[in-house]
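Following: one structure in structure tokens, then a few remarks.
These figures come from a predicted structure and were not determined experimentally.
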Amino acid sequence: SLPYSAGKPFEEVFSDASPSANDFLNQTLQFDPDKRCTVAQALQRPYLAQLFCPEDEPVRSPLDTSDFEFERRKINVKALREELFLEVLHYYPEKREVYLQEQARMEQQYSI
């Protein structure tokens with residue numbers, strides 16, 4: 001693990017940048033997500049004033065956490081290879097059927 005480092009102020013590191021650019025960096029590059037501004041807030045920062053058009057910004061509700069369940073699974077290398085192989089076979093349905101029938105016959109299917 002690396003030792004703690006307080007970091008340097010953006011104004012010092014990017015001395016040639018405008019104050020609004022440094023403010024934008026300071027608000028968006030916070031490590032703590034509770035201190036970091038949201039995307040909607042970032043779009044309203046003075047640095048992006050020329051690009052921001054509220055009528056043209058797509059918005060949506062937050063993604064459901066169940067969409068990311070695959071990231072929580074514990075999977076070994078063999079099962080991961082199998083999953084990747086099945087994903088490739090998605091583009092070759094006839095070969096996928098043959099493969100799945102073979103696996104069922106040999107009783108070697110993975111529960112993915």
Side-chain angles (χ1 to χ4, degrees):
S1 167
L2 294 173
Y4 174 76
S5 172
K8 296 180 181 178
F10 288 115
E11 293 79 12
E12 183 182 320
V13 178
F14 304 109
S15 57
D16 294 338
S18 68
S20 64
N22 283 322
D23 174 62
F24 181 77
L25 291 173
N26 192 37
Q27 296 297 317
T28 58
L29 298 180
Q30 291 287 327
F31 186 77
D32 183 349
D34 293 330
K35 294 179 181 176
R36 192 180 316 135
C37 68
T38 65
V39 172
Q41 292 167 334
L43 289 171
Q44 295 176 20
R45 304 300 306 170
Y47 185 70
L48 297 179
Q50 293 179 342
L51 302 173
F52 180 64
C53 177
E55 299 82 30
D56 193 34
E57 296 300 333
V59 292
R60 62 159 295 164
S61 58
L63 295 172
D64 187 8
T65 55
S66 65
D67 292 340
F68 300 95
E69 283 301 315
F70 66 92
E71 292 183 345
R72 291 187 176 89
R73 291 183 297 148
K74 300 292 183 207
I75 189 168
N76 62 28
V77 172
K78 190 173 182 180
L80 180 59
R81 285 183 179 150
E82 177 79 8
E83 191 169 341
L84 289 170
F85 184 69
L86 289 173
E87 185 68 26
V88 170
L89 286 178
H90 174 75
Y91 298 98
Y92 303 93
E94 65 285 347
K95 293 185 188 281
R96 180 182 170 95
E97 266 313 305
V98 171
Y99 176 75
L100 292 176
Q101 288 170 2
E102 256 180 47
Q103 293 299 307
R105 184 173 52 80
M106 294 170 44
E107 298 180 358
Q108 290 186 359
Q109 281 186 305
Y110 291 99
S111 176
I112 298 176

Hey, is [atom1] on [X] packed in by over 12 heavy atoms from elsewhere, all under 6.0 Å?
X     : atom1 : result
Phe52 : CZ    : yes
Gln50 : CD    : no
Asp16 : CG    : no

For this session: Check whether any side-chain heavy atom of Phe24 sits under 4.5 Å from a side-chain heavy atom of Leu48, and report yes or no.
Result: yes
Problem set entry | Pro54 vs Glu57 side-chain heavy atoms within contact, under 4.5 Å | no
Problem set entry | Test side-chain contact (heavy atoms from CB on, under 4.5 Å) applied to Leu86 and Leu100, step by step | CA-CA 9 Å; Leu86 289 173; Leu100 292 176; 3.9 Å; yes
For this session: State plainly whether one hydrophobic cluster holds both Leu51 and Val39, where clusters connect Ile, Leu, Val, Met, Phe, Trp and Tyr through side-chain heavy atoms under 4.5 angstrom apart.
Result: yes
Exercise. Counting N and O atoms only, with roles assigned by atom type, does the side chain of Gln41 sit under 3.5 Å from a partner on the main chain of Thr38, one being a donor and the other an acceptor?
Worked result: yes
Exercise. Are the side chain of Asn76 and the backbone of Ala79 linked by a donor-acceptor contact shorter than 3.5 Å?
Worked result: yes
Could you measure the distance from the [atom1] atom of [X] to the [atom2] atom of [Y]? Nearest 0.5 Å is fine.
X     : Y     : atom1 : atom2 : value
Asn22 : Gln27 : CG    : CD    : 11.5 Å
Asn26 : Arg45 : CG    : CZ    : 9.0 Å
Arg73 : Glu83 : CZ    : CD    : 4.5 Å

Problem set entry | Salt-bridge contact Arg72-Glu69 (side-chain N to carboxylate O under 4.0 Å) | yes
Exercise: identify the closest heavy-atom pair between [X] and [Y]:
X     : Y     : result
Lys95 : Leu89 : CB-CD2, 4.1 Å
Phe31 : Arg36 : O-NH2, 2.9 Å
Lys8  : Val13 : CB-CG2, 3.7 Å
Ser20 : Tyr47 : O-CB, 3.5 Å

Exercise. After noting the C-alpha distance and the side-chain angles of Phe68 and Leu63, does the key distance pass the side-chain contact (heavy atoms from CB on, under 4.5 Å) rule?
Worked result: CA-CA 9 Å; Phe68 300 95; Leu63 295 172; 3.6 Å; yes
